[in-house]
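First up is the structure itself, then whatever we jot down about it.
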Amino acid sequence: MATGSLSSVPKRLRMVEDFSCTRCLEQNLTESADIYCEKCLGFYCKKCVILHSQFFTIHMTCGREDIKKWPVSKAVEDFLRKCEVHEDETLTKFCHFHSQLCCSSCVGTIHSKCSKMTPISELTNTQPTDLQGLSVELETVMGGIKSLQINQEASVQSLQRTYKEHGAVMIEQLHGNLSTNIDKCFNSSVGTSGNNLKEEMCWSVLSILNEFDNITVKELNDIKEEVISIKGSVTSSIYKCTSLHNDLSQFHEIVQKIGDNKELCLIASIKCKHIIQQALTLLGKSGKVFNVQSITKHNVRIPSDQGVCYIRGICVLHDGQVLVVDWTNKNVKLLNQQYQVVSHWDVNARPLDICLITPSEVVVAVNTSNIHEVQFITVNQGKLVSGRKFQLQHECTFITHHQGDLFVTSGQELYKYSLNGKLICRLYQDRSADLTVDKCAVSPTGDRLYIINYRQHKLLTLARDGTLLATFTDPALHGLTGLHVTPAGQVLVCGGLSHTVLQVGWEGESKLATLATQEDGVWGPRSVCYSSTTSSIIVGQWDDNILVFRVE
């Protein structure tokens with residue numbers, strides 16, 4: 001892509017210097033200019049402008065408060081005209097198919113098969129540029145990026161508190177167990193010698209310490225590894241926010257300095273839109289609509305299955321492997337990149353959902369009439385290994401994760417938990433019927449929560465604190481079942497009774513596209529997930545199969 005890759009932009013943006021004093025440059029000095037003289041066509045710093053005023057008393061000058069009257073600096077013009085892919089080349093044309101600016105090298109390589117290429121000079125009268133509106137949009141997006149960064153930094157601090165709190169709870173439990181067992185030894189050793197009492201107490205303490213080493217220490221290490229992994233991911237995202245905010249800020253300054261140069265206005269407008277789109281993707285507000293290229297069906301039944309596979313939950317590992325929960329057969333299945341079952345793990349109750357915690361660890365929502373628990377599972381060399389689990393005091397129908405927070409639905413409520421199983425708060429409830437809060441998904445930035453109200457065929461969008469923001473219904477979406485939000489913020493929903501898969505806008509207010517219907521092989525979809533690794537949408541059904549949509 002000619003301007004899609006901005007990996008080199010931050011470095012080059014820093015090379016865009018401010019207006020420099022003309023007189024100082026003549027003496028090989030670099031000083032920032034404060035005044036521009038239209039008569040001399042020169043820039044002057046605070047020191048040189050004094051001398052200029054003495055010699056040219058009648059010359060009209062304008063300061064930085066009127067910087068729009070200044071001509072475009074050569075540094076700014078050179079930066080705008082420079083190709084981001086071929087740094088020694090100047091942008092000359094515009095590709096209509098990719099909506100990208102190109103240099104001569106781009107035209108001969110990346111865009112060699114593109115049919116419509118127009119010289120930039122010919123576009124200035126046909127492509128409108130609203131620099132004022134662009135400036136406002138840049139300010140808005142910069143504010144969003146800054147807020148995201150602040151929230152992510154708060155998430156890192158919350159993760160660290162979670163680990164410390166859990167460690168303190170474990171130590172407190174150890175002290176409690178030791179005290180209880182010592183009291184038991186005293187109470188049950190009436191009439192025995194001091195040596196026997198001492199020996200019994202030693203064995204009891206040793207047994208408790210061994211149990212602490214074998215179970216609790218492992219649990220603490222597991223949480224520590226989870227915190228480190230999630231913290232690394234969040235820190236990486238914070239870095240992206242900082243870098244992107246710097247880019248947006250630089251372009252915001254450049255937009256103020258372009259003036260009436262139509263060609264530079266056009267170039268700046270196109271470049272800004274690419275960066276704004278990157279920012280919107282990072283903010284989980286991508287408006288890109290998926291285009292389905294092909295659909296394939298894959299059977300996930302294994303010999304030990306007793307009934308028809310009911311794929312109620314799906315998640316994708318970073319290497320492209322897929323995990324599905326089979327409600328009917330009470331198991332979790334690991335699929336390879338070809339969607340073949342390579343391993344499975346039997347659950348002690350009905351598994352209702354699954355979500356990714358770290359690159360190799362997931363959690364499963366397990367639920368029956370008397371079992372409500374969250375089970376951790378690690379994928380290790382193609383095998384599923386069960387880890388710790390914690391019990392809930394309510395139904396556990398669905399689970400999703402965001403930066404150390406677990407969101408769990410009960411059918412009528414939405415709760416937020418920490419990784420160690422501590423209940424943080426109840427975010428939302430609707431007790432008007434059953435399955436009014438059936439499934440949940442979180443936006444990439446964590447500022448929006450999406451809920452399926454199965455009973456009323458509604459998709460609800462909530463703010464971070466649980467406030468209702470939007471309600472979406474559609475005649476083609478009957479019996480909502482599957483729900484998923486992609487890393488770019490695209491919302492996917494399934495109609496289990498209408499046999500449809502839709503894409504909804506990130507605001508949760510409108511349908512963007514019908515991705516597939518019963519005519520495409522969709523039948524009773526129960527879950528949906530997007531794989532960034534393979535650019536595929538995976539749909540779990542109630543017929544032994546998953547469907548894989550290759551999308552663009």
Side-chain angles (χ1 to χ4, degrees), residues 214-215 217-230 232-233 296-366 373-390 399-401 406 419 482 484 486-487 526-541 543-550:
N214 294 334
I215 300 174
V217 172
K218 181 183 182 303
E219 186 172 317
L220 281 171
N221 286 336
D222 288 345
I223 293 181
K224 183 178 181 180
E225 290 176 5
E226 290 163 4
V227 168
I228 291 172
S229 177
I230 297 167
S233 176
T296 56
K297 182 183 291 188
H298 304 269
N299 191 289
V300 295
R301 187 176 180 82
I302 58 177
S304 59
D305 287 342
Q306 299 295 310
V308 176
C309 299
Y310 184 150
I311 309 304
R312 188 177 156 93
I314 302 174
C315 74
V316 181
L317 302 179
H318 292 184
D319 62 2
Q321 293 186 98
V322 179
L323 283 161
V324 301
V325 292
D326 185 344
W327 181 84
T328 304
N329 298 295
K330 298 182 183 179
N331 58 35
V332 178
K333 297 170 181 175
L334 175 65
L335 317 182
N336 60 19
Q337 290 88 341
Q338 290 73 45
Y339 307 104
Q340 301 166 329
V341 180
V342 294
S343 180
H344 76 280
W345 179 76
D346 293 323
V347 188
N348 63 340
R350 299 285 187 187
L352 296 183
D353 191 41
I354 189 169
C355 73
L356 197 66
I357 300 293
T358 72
S360 60
E361 187 180 36
V362 298
V363 288
V364 179
V366 179
E373 65 185 26
V374 173
Q375 172 71 60
F376 289 74
I377 299 177
T378 301
V379 181
N380 187 5
Q381 296 181 345
K383 300 294 182 182
L384 301 179
V385 182
S386 62
R388 74 182 191 282
K389 59 185 176 183
F390 60 83
I399 189 166
T400 190
H401 169 259
L406 295 172
L419 281 175
H484 178 73
T486 74
R526 287 300 182 267
S527 53
V528 62
C529 188
Y530 174 73
S531 170
S532 301
T533 306
T534 59
S535 297
S536 300
I537 296 172
I538 306 168
V539 177
Q541 305 200 132
D543 65 350
D544 288 341
N545 297 294
I546 61 169
L547 297 181
V548 179
F549 306 171
R550 299 285 180 179

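The first residue in the sequence is number 1, and the count goes up from there.
Side-chain contact check for Val528 versus Ile314: every heavy-atom pair is 4.5 Å or farther apart. Within the 4.5 Å cutoff, the side chain of Ile537 has no heavy atoms near those of the Val548 side chain. Using a 4.5 Å cut-off on side-chain heavy atoms (C-beta onward), Ile230 and Ile357 make contact. Between Leu547 and Gln541, the closest side-chain pair of non-hydrogen atoms falls below 4.5 Å. Counting heavy atoms from C-beta on, the side chains of Leu406 and Val363 come closer than 4.5 Å. Looking only at side-chain heavy atoms (C-beta outward), Glu225 and Val227 stay at 4.5 Å or farther from each other.
The pair Arg388-Glu373 does not meet the salt-bridge criterion, since no charged nitrogen lies less than 4.0 angstrom from a carboxylate oxygen.
Shortest non-hydrogen contact noted between Pro487 and Ser532 is CG-OG, 3.6 Å. Residues Pro351 and Val325 come closest through the heavy atom pair CB-CB, 4.1 Å. Minimum interatomic distance between Phe376 and Leu419 (heavy atoms only, all atoms of both residues): CZ-O, 3.6 Å. Across all non-hydrogen atoms, the minimal contact from Ser527 to Arg312 is CB-O, 3.3 Å. Scanning all heavy atoms of the two residues, the minimum distance from Ser229 to Pro359 falls at OG-CD, 3.2 Å.
Asp544 contributes a side-chain N or O that, together with a main-chain N or O of Cys309, makes up a donor-acceptor pair within less than 3.5 Å. With Asn380 contributing its side chain and Thr378 its backbone, the two residues share no donor-acceptor pair below 3.5 Å.
Looking at Thr486 and His484, their side chains never bring a donor and an acceptor atom within 3.5 Å of each other. Side chains of Arg550 and Ser536: a donor-acceptor N/O pair is present below 3.5 angstrom, by distance only.
The side chain to side chain donor-acceptor pair (under 3.5 Å) analysis of residues 324-344, with sequence neighbours excluded, yields the pairs Asp305-Asn331, Asp305-Lys333, Asp326-Asn329, Asp326-Lys333, Asn336-Gln340. Applying the side chain to side chain donor-acceptor pair (under 3.5 Å) test to every pair with at least one member in residues 345-359, sequence neighbours left out, gives no pairs at all.
To the nearest 0.5 angstrom, Arg526 atom CZ is 10.0 Å from Asp543 atom CG.
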CA sep, side-chain torsions, deciding dist, call: Val366, Leu352, side chain to side chain contact (heavy atoms under 4.5 Å, CB included): CA-CA 6 Å; Val366 179; Leu352 296 183; over 6 Å; no

Verdict with reasoning, Leu317 to Val322, per side chain to side chain contact (heavy atoms under 4.5 Å, CB included): CA-CA 6 Å; Leu317 302 179; Val322 179; over 6 Å; no

